[in-house]
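Read the numbers this way: they start at 1 and go in the same order the structure lists the ligands and their atoms.
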Amino acid sequence: MKFNILTLFPDMFKGVLEESIIGRAEKKGILSFNYVNIRDFTNDKHGRVDDYAYGGGTGLVMAVQPIYDAWKSVCGEKKKFTVYMSPQGKPLNQQLVQQLSSYDELVIICGHYEGIDERVIEEVVDMEVSIGDYVLTGGEIPAMAMIDAVSRLVPGVLPGEEAYSEESHYNGLLEYPNYTRPETILGKKVPDVLLSGHHKNIEKWKRKQSLFRTWLKRPDLLRKVKLSKEDENFVKKLKYKRRNRVQSAVWNE
Ligand code: ADE
């Protein structure tokens, strides 16, 4: 998958995307990053890319010309799906990450200052994406978060589908807790079921843990996900216990 990143600060990406899993996938040719410096495209003789906002207001607005020409240099006559990182965008969640990972190529525009001239958005942007209801100084950090989340779903980036099919948010639930050696540390022992070698019981335990954690930490997610009858009964029991203040560790059932 190829990411074309239009930014004023290409160097911001390098340390992050050249390391670890994403960096290795780029070396293998599974991912590629094309950094396009918007400033290289300005026609302004002083190299400016921004200007005062019509109608007043604080801050500078990134002008149409350099962004549009940078975008054209990537797309030519063939439009590519273009995302603008913006606090006004569609909230990024795992479902949107999956949708974006189905493209072979994306163009990502990172704004700065007070944002970009609205006419660029109207002309070239297919989707605005936000990483949360807070404002950052630019779209670079949001773009890196989005690229990381999308990249790890590209086949070959992670070792296998199991690497992400069990983790938080993949199936709409939070993931069960994980443990590694040693068996006992800090006076805490790994749950017995995980040492039992009984695969069916382990799967059941993981499912209950997932449901329990989601119910406890993110009840909003639980309302959106489709549950089996067995899952529903388990969640009902949790609610009953809370209402009646029954103290018991649900994973020992
Ligand atoms: N640019 C500034 N803040 C942002 C946010 N929350 N999400 C995406 N892009 C942004």
Side-chain angles (χ1 to χ4, degrees), residues 1-19 22 31 33-42 48-71 74-75 79-103 105-154 168-170 217-218 220-221 224:
M1 181 169 184
K2 181 172 181 182
F3 297 91
N4 299 283
I5 303 156
L6 275 53
T7 170
L8 289 172
F9 303 100
D11 290 345
M12 277 178 78
F13 290 83
K14 301 200 175 139
V16 175
L17 300 180
E18 279 172 8
E19 293 288 335
I22 308 294
L31 300 174
F33 302 108
N34 172 30
Y35 300 106
V36 180
N37 191 335
I38 296 169
R39 201 177 295 282
D40 291 344
F41 289 84
T42 181
R48 280 188 65 171
V49 289
D50 51 11
D51 217 326
Y52 294 102
Y54 279 120
T58 50
L60 297 165
V61 176
M62 284 173 69
V64 173
Q65 180 273 316
I67 304 176
Y68 185 73
D69 288 355
W71 181 83
V74 170
C75 291
K79 201 164 169 341
K80 296 181 174 133
F81 196 81
T82 301
V83 174
Y84 171 50
M85 305 313 301
S86 157
Q88 296 188 17
K90 205 166 165 176
L92 188 67
N93 58 24
Q94 197 62 24
Q95 204 185 338
L96 181 53
V97 166
Q98 271 176 39
Q99 190 186 324
L100 292 170
S101 72
S102 67
Y103 290 95
E105 193 166 353
L106 286 178
V107 181
I108 301 166
I109 303 178
C110 304
H112 248 266
Y113 315 117
E114 280 307 294
I116 66 179
D117 189 306
E118 191 64 22
R119 291 165 293 186
V120 192
I121 301 173
E122 288 169 10
E123 190 67 19
V124 309
V125 171
D126 296 299
M127 186 187 281
E128 293 182 60
V129 174
S130 165
I131 61 158
D133 291 340
Y134 44 85
V135 182
L136 291 108
T137 54
E140 282 76 12
I141 290 172
M144 285 184 241
M146 184 180 78
I147 291 167
D148 185 284
V150 169
S151 293
R152 53 198 294 295
L153 299 191
V154 174
S168 293
H169 299 294
Y170 181 82
K217 299 180 182 182
R218 293 291 305 275
D220 57 308
L221 295 179
K224 287 185 228 156

Report every pair formed by an N or O atom of ligand 1 and a protein N or O atom separated by less than 3.5 Å, giving atom names and the distance to 0.1 Å.
| unit_1 | atom_1 | unit_2 | atom_2 | d |
| --- | --- | --- | --- | --- |
| ligand 1 | 3 (N) | L136 | N | 3.0 |
| ligand 1 | 6 (N) | G132 | O | 3.2 |
| ligand 1 | 6 (N) | Y134 | O | 2.7 |
| ligand 1 | 7 (N) | I131 | N | 3.0 |
| ligand 1 | 9 (N) | S86 | N | 3.1 |

Handout entry: Y54: partners by side-chain contact (heavy atoms from CB on, under 4.5 Å), with sequence neighbours left out
Key = none
Exercise for the section: Would you please name every residue forming a ring pair (Phe, Tyr, Trp, His ring centres under 6.0 Å) with Y170, sequence neighbours left out? Expected result: Y164
Exercise for the section: Please indicate whether R48 has more than 12 foreign heavy atoms, meaning atoms of other residues, nucleotides or ligands, lying under 6.0 Å from its CZ. Expected result: yes
Problem - Exceeds 12 heavy-atom contacts within 6.0 angstrom, atom CG of D220 - result: yes
Handout entry: Residue pairs passing the ring pair (Phe, Tyr, Trp, His ring centres under 6.0 Å) test where at least one lies in residues 109-131, sequence neighbours excluded
Key = F9-H112
Problem - CD/Q98: more than 12 non-hydrogen atoms of other groups inside 6.0 Å - result: yes
